[in-house]
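Every number for a ligand or one of its atoms is a count from 1 in the order of the listing.
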Amino acid sequence: MTSVVLGVSAGIAVYKSCELLRLFTESGHDVRVVPTRDALRFVGEPTWAALSGNPVTTEVWESVHEVPHVRIGQSADLVVVAPATADVLARAAHGMANDLLTNTLLTARCPVVFAPAMHTEMWEHPATRANVATLRERGAIVIEPAVGRLTGADSGPGRLPDPAEIFEVCRRVLAGRRAHLAGRHVVVSAGGTREAIDPVRFIGNRSSGLQGYALARTAVARGAEVTLVAANVSLPDPAGAKVVRVESARQLRDAVLAAAGHADAVVMAAAVADFRPVRRSDTKIKKSSAEPDPIHLTKNPDILAELGEIRRARREAYAAGDGPYDAPEGRRSHAGDGPGIGREAGTGGPYPRVIVGFAAETDDVLANGRAKLQRKGCDLLVVNQVGENLAFGTPDNAAVVLTAEGDSVEIPRGPKEDLADVVWDLVAQRLA
Ligand code: CTP
C-alpha cells in the first residue's frame, strides 16, 4: 500500500482537503495527516483521525519513542501539502523544522507536491515567488493556484484547485511519471480556434482540447511550469497550469509567442484555423437579402511554422556572431537566461529548444506528416488520423511521433494521458 503524507496548513481552504483525503483513502492509499497547529483552528484533529484512520499530531514531542519527526517523512511515498500557505512555503524553502510538518518535509526523500492557497497579494509577493522558485529548483512540484473567488469579496489567483485535480497530479506522480521536467517551462496550446463571421457566428473546428489538457496535466505532474493557451475549451482548468484563454488564431499566436520567449518547449496541440473571413460584420448578418454574400477568406498565420522560423533565424544569427537574441515580442533575454539557442545552457534560453507539432490527417497519414514536419521546421510531429469518431472529443488517441532525425515512435490506441507521456519523454530526452 502506498504511504501518503497529507500536510495541511492554516488556510480557509482546509475543508477541501477533507475531500482530497477521502480520494486518497478510497483509492487504497494509507494516509497520515500532518496538520500545522493553526490548521486545526479550521478543521479539528478528530475529523482528520476519523477520515484517515491514523493518529494525528502536529508536534514532534508526542510519541517520541517512535521518532515521528524522522519516520513519517522517511517512510512516505508521497508528501502533498494542501493547502500550502505562504508561511509553510517559506518555512519549507528555508529548511526550517519547527513543527512536525516541516520536519517531515526535511526528511522526505519521495516526491513532494505543494498546492498553495492564499490571497493574491501574498501569492504574488516577491518573497513567495522566490520561495516557490527555490522549491521548484529542488524538484518539488508546486501547483499553480486556481483563479477565482477568494475569502471575502476579492477574487484572483490564490484559490486551492479542485481536490480531484490535486489528486490527479498526485496519482500521476505516484505512477512514477515525473521529475524529467522539474525547473522547465513548457507551453501547450489546446482546443480549436474560432474565426468570427459576425457577432454570433464563427468558423470553427471539432477540437475538444482533451489532448492539450492531458499534455498540460502530465507536464505539471512532471514538475514543469506550464502555460496552457486554451482556445474555446470547456474543460475545467488543469490544476497547476497557468491558463491563457483565447478565441481566434491571431490571439492564439500572440499568446503562444509571448510565452515561448521564456519556454524550454512548445507543444502545439491546438487545431488552428488556416483561414479567417476577410471581413467580420459588426452586426448580425440578416437573411433578408435574396442571395447571401459570399464569405471571402484570407490566410491565418501558421504559428508552428513561425516558431520554427524564428528559432532558425536566431540560430543562424547566433552562429554568425550577431547574438544575443531577443525573445519574441520585444522581450529581451536577461542575464542568467543562458547564451541562447545553439548554446542552450541554463533554464530556458530565449527561444524554445523543443518545438512539437500535431498533424491531423485523414489520408496518406505518414507521408503527409513527414512533409509537414520538414515544412514547419519542428523537432517532433505527432501525427494522428482524424475523421468522424477518430481523435476528436474521445478520451483515447493513437498516433505516430515523427522526429526531425527521421525516426518514428508508434503510440498504440490508449488514453490521451499516455500519448502525452510519450511526448514528454521525447521532449525530456531532447532537453537533457
Ligand atoms: N498550426 C499552426 N498554425 C496554423 C495551422 C496549424 O500553428 N495556422 C499547427 C497546429 O497547431 C499543429 C500543426 O500546425 O500543431 C499542424 O496542423 P494541421 O492542421 O495538421 O496542418 P496545416 O498546417 O493546417 O496543413 P494542412 O491543412 O495542409 O494539412
Next on the checklist: ring-ring contact (aromatic ring centres under 6.0 Å, His included), that's the test. Do Phe42 and Tyr15 meet it? Break it down for me.
Outcome noted: CA-CA 7 Å; Phe42 292 99; Tyr15 71 94; 9.4 Å; no
Item to check | CA sep, side-chain torsions, deciding dist, call: Asp198, Arg280, salt bridge (charged side-chain N to carboxylate O under 4.0 Å, His left out) | outcome: CA-CA 5 Å; Asp198 69 13; Arg280 174 193 186 277; over 6 Å; no
Next on the checklist: Can you see whether Trp123 has Arg159 sitting over its ring - NZ or CZ less than 6.0 Å from the centre and within 45° of the normal?
Outcome noted: no
Item to check | Under 3.5 Å: donor-acceptor pair, side chain of Glu195, backbone of Ala249 | outcome: yes
Checklist entry - Can you tell me if Glu306 has a non-hydrogen atom under 4.0 Å from ligand 1? => result no
Next on the checklist: Can you tell me if Gln74 has over 12 outside heavy atoms packed within less than 6.0 Å of its CD?
Outcome noted: yes
Checklist entry - Going by atom types alone, do Thr227 and His185 pair a side-chain donor with an acceptor below 3.5 Å? => result yes
Next on the checklist: When you measure from the heavy atoms of Arg253 to every atom of ligand 1, does any distance fall below 4.0 Å?
Outcome noted: no
Checklist entry - In the protein, which heavy atom is nearest to atom 8 (N) of ligand 1, and how far is it? => result Pro301 O, 2.9 Å
Checklist outcome for this item: for atom 7 (O) of ligand 1, nearest protein heavy atom and its distance come out as Leu304 N, 2.8 Å
Checklist entry - Just heavy atoms, cut-off under 4.0 Å: does Ala249 contact ligand 1 by side chain, backbone, both, or neither? => result neither
Item to check | Thr403 side-chain N/O to Leu380 backbone N/O, donor-acceptor pair under 3.5 Å | outcome: no
Checklist entry - Which residue holds the protein heavy atom closest to atom 3 (N) of ligand 1, what is that atom called, and what is the gap in Å? => result Ile303 N, 3.0 Å
Checklist entry - Judged by atom type as modelled, is there a donor-acceptor pair below 3.5 Å linking the side chain of Thr120 to the main-chain atoms of Pro157? => result yes
Checklist entry - In the protein, which heavy atom is nearest to atom 22 (P) of ligand 1, and how far is it? => result Lys376 NZ, 3.7 Å
Checklist entry - Are the side chain of Thr47 and the backbone N or O of Val43 linked by a donor-acceptor pair below 3.5 Å? => result no
Checklist outcome for this item: Nearest non-hydrogen protein atom to atom 20 (O) of ligand 1, with distance, is Lys372 NZ, 2.7 Å
Checklist entry - In ligand 1, which numbered atoms sit nearer than 4.0 Å to a non-hydrogen atom of Ala360? => result 20 (O)
Checklist entry - Does Ala359 have a heavy atom less than 4.0 Å from any atom of ligand 1? => result yes
Checklist entry - With a cut-off of 4.0 Å, which atoms of ligand 1 are near a heavy atom of Met268? => result 7 (O), 11 (O), 12 (C), 15 (O)
Checklist outcome for this item: Ranked by distance from atom 28 (O) of ligand 1, the top protein heavy atom is Arg375 NH2, 4.1 Å
Next on the checklist: Using a 4.0 Å cut-off to any heavy atom of Gly357, which atoms of ligand 1 qualify?
Outcome noted: 15 (O)
Checklist entry - Do you know which of Arg217, Arg245, Lys242 makes salt bridge (charged side-chain N to carboxylate O under 4.0 Å, His left out) with Asp237? => result Arg245
Checklist entry - With a 4.0 Å cut-off, strictly under, does atom 25 (O) of ligand 1 pick up any protein heavy atom? => result yes
Next on the checklist: With a cutoff of 4.0 Å, is Ala269 in contact with ligand 1, counting heavy atoms of the residue only?
Outcome noted: no
Checklist outcome for this item: Among Gly369, Ala270, Ala273, closest by heavy atom to atom 11 (O) of ligand 1 is Ala270
Checklist entry - Within 45° of the six-membered ring axis of Phe202 and under 6.0 Å from that ring's centre, is NZ or CZ of Arg194 located there? => result yes
Checklist entry - Looking only at protein heavy atoms, which one is nearest to atom 13 (C) of ligand 1, and how far off is it? => result Phe358 O, 2.9 Å
Checklist entry - Tell me: protein heavy atom nearest atom 5 (C) of ligand 1, and distance? => result Asp274 OD1, 3.3 Å
